[in-house]
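Worksheet for the structure shown next.
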Amino acid sequence: MSTPPPHSGAPVPPNPYGASPNPYAAPQPGQQVPAQPYPAQQPYPGQPQPGQPYPGQPYAGQPHPGQQYPGAPGGGCRNCGAAHAVDTSVRAHVGVLIMMRFHRVDGPFCRRCGRAMVRIMTTKTLCQGWWSPLSVAIFTPFTLIWNLIASMRFSKLPPSEPAPGRQPLDEGPPVHARPLAYVAIVPLLWVVWIISNIIADASG
């Protein structure tokens, strides 16, 4: 095949053996290089898949250690996670002369935890709630009546069934079997003695 002489004006056929573009050559100014797709990264052995929690990480909806377990629609026991619970607070009162303190523990509590809390707080009130005039007249009787109503509400619940890994409170002995509860006899006798003297002076 003859090649036309240069500057003859005849078209020059393409060279089939011409050099192809170098894929490793640096791009020219203003030239856009198409992005090369990278292969998908494979997880390392033991690495969790996307969306899978790491070892030791709780799944979605799984409570952390010490977190309150979900219970009944009304809320489970704040201490042991039992489903059957009542959202009732338990109170205690301490009165010393002119100083007074008010304690309250909010629920919800199950049957066993609620009764145990009532016995603890009531015993504390009977022991330390009579040493102030206002405590004797108002706050201590109110606290005892409040805890009595709360105890009746807890007693109506079914037996406590704590959540896995949780322990209910120990009820312990009843209030009348706790020696500290009888400390209240001292101020009560003192109040009775004062009232008796007032009545005797008025009648005499």
Side-chain angles (χ1 to χ4, degrees), residues 63 66-204:
Q67 181 181 356
Q68 179 179 344
Y69 282 76
C77 176
R78 59 173 292 181
N79 182 72
C80 70
H84 299 284
V86 175
D87 190 7
T88 300
S89 58
V90 184
R91 300 174 181 267
H93 176 72
V94 176
V96 181
L97 298 179
I98 61 174
M99 301 295 296
M100 291 181 294
R101 292 183 179 179
F102 302 87
H103 303 275
R104 186 182 72 182
V105 181
D106 296 326
F109 292 109
C110 64
R111 174 188 176 95
R112 185 172 179 180
C113 294
R115 287 161 57 96
M117 189 60 63
V118 166
R119 294 179 180 183
I120 294 173
M121 302 291 274
T122 301
T123 303
K124 181 180 182 67
T125 303
L126 289 173
C127 179
Q128 304 177 3
W130 303 98
W131 310 102
S132 171
L134 290 178
S135 299
V136 173
I138 302 176
F139 298 114
T140 296
F142 168 78
T143 302
L144 296 177
I145 294 174
W146 180 282
N147 288 349
L148 178 61
I149 296 175
S151 179
M152 295 172 61
R153 297 188 64 185
F154 293 136
S155 298
K156 294 179 181 179
L157 294 173
S160 302
E161 297 181 359
R166 309 287 288 276
Q167 291 294 332
L169 295 176
D170 184 12
E171 293 187 22
V175 175
H176 62 81
R178 303 188 180 201
L180 290 177
Y182 293 95
V183 177
I185 295 178
V186 177
L188 288 178
L189 291 178
W190 177 70
V191 171
V192 171
W193 178 77
I194 292 178
I195 296 175
S196 300
N197 287 339
I198 294 175
I199 295 176
D201 292 341
S203 61

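This is a predicted model, so every value here is computed, not measured.
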Determine the minimum heavy-atom distance between [X] and [Y], stating which atoms define it.
X: Ser135; Y: Pro141; answer: O-CD, 3.4 Å
X: Ala85; Y: Cys77; answer: CB-N, 3.7 Å
X: Val96; Y: Ser132; answer: N-CB, 4.0 Å
X: Thr88; Y: Phe109; answer: O-CD1, 3.7 Å
X: Pro174; Y: Arg178; answer: O-CG, 3.2 Å
X: Lys156; Y: Arg111; answer: N-NH1, 4.4 Å

Answer yes or no: is there a donor N or O on one side and an acceptor on the other, between the side chain of [X] and the main chain of [Y], under 3.5 Å?
X: Arg153; Y: Val86; answer: no
X: Asn79; Y: Gln167; answer: yes
X: Thr143; Y: Phe139; answer: yes
X: Ser151; Y: Asn147; answer: no
X: Asp170; Y: Ala116; answer: no
X: Arg91; Y: Thr125; answer: no

Between atom [atom1] of [X] and atom [atom2] of [Y], what is the distance when rounded to the nearest 0.5 Å?
X: Met117; Y: Asp106; atom1: CE; atom2: CG; result: 11.0 Å
X: Tyr182; Y: Thr123; atom1: OH; atom2: OG1; result: 10.0 Å
X: Leu169; Y: Cys110; atom1: CG; atom2: SG; result: 7.5 Å

Looking at side-chain heavy atoms only, is the closest gap between Val90 and Arg119 below 4.5 Å?
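Contact flag for Val90/Arg119 side chains = no.
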
Can you confirm whether more than 12 heavy atoms, excluding those of Ile98, are under 6.0 Å from its CD1 atom?
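Incorrect, the count does not exceed 12.
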
Tell me whether the count of non-hydrogen atoms from other residues, nucleotides or ligands lying under 6.0 Å of CD in Glu171 goes above 12.
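Atom CD in Glu171 is packed in, count exceeds 12.
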
Among Arg112, His84, Arg115, side chain to side chain contact (heavy atoms under 4.5 Å, CB included) partner for Ser160
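Testing Ser160 for a side chain to side chain contact (heavy atoms under 4.5 Å, CB included) against Arg112, His84, Arg115 leaves exactly one candidate, Arg112.
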
Verdict with reasoning, Leu126 to Val183, per side chain to side chain contact (heavy atoms under 4.5 Å, CB included)
CA-CA 7 Å; Leu126 289 173; Val183 177; over 6 Å; no

Anything under 30° is parallel, anything over 60° is perpendicular, the rest tilted; go ahead and classify His93 against Phe102.
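If you compare the ring of His93 with that of Phe102, the planes turn out tilted.
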
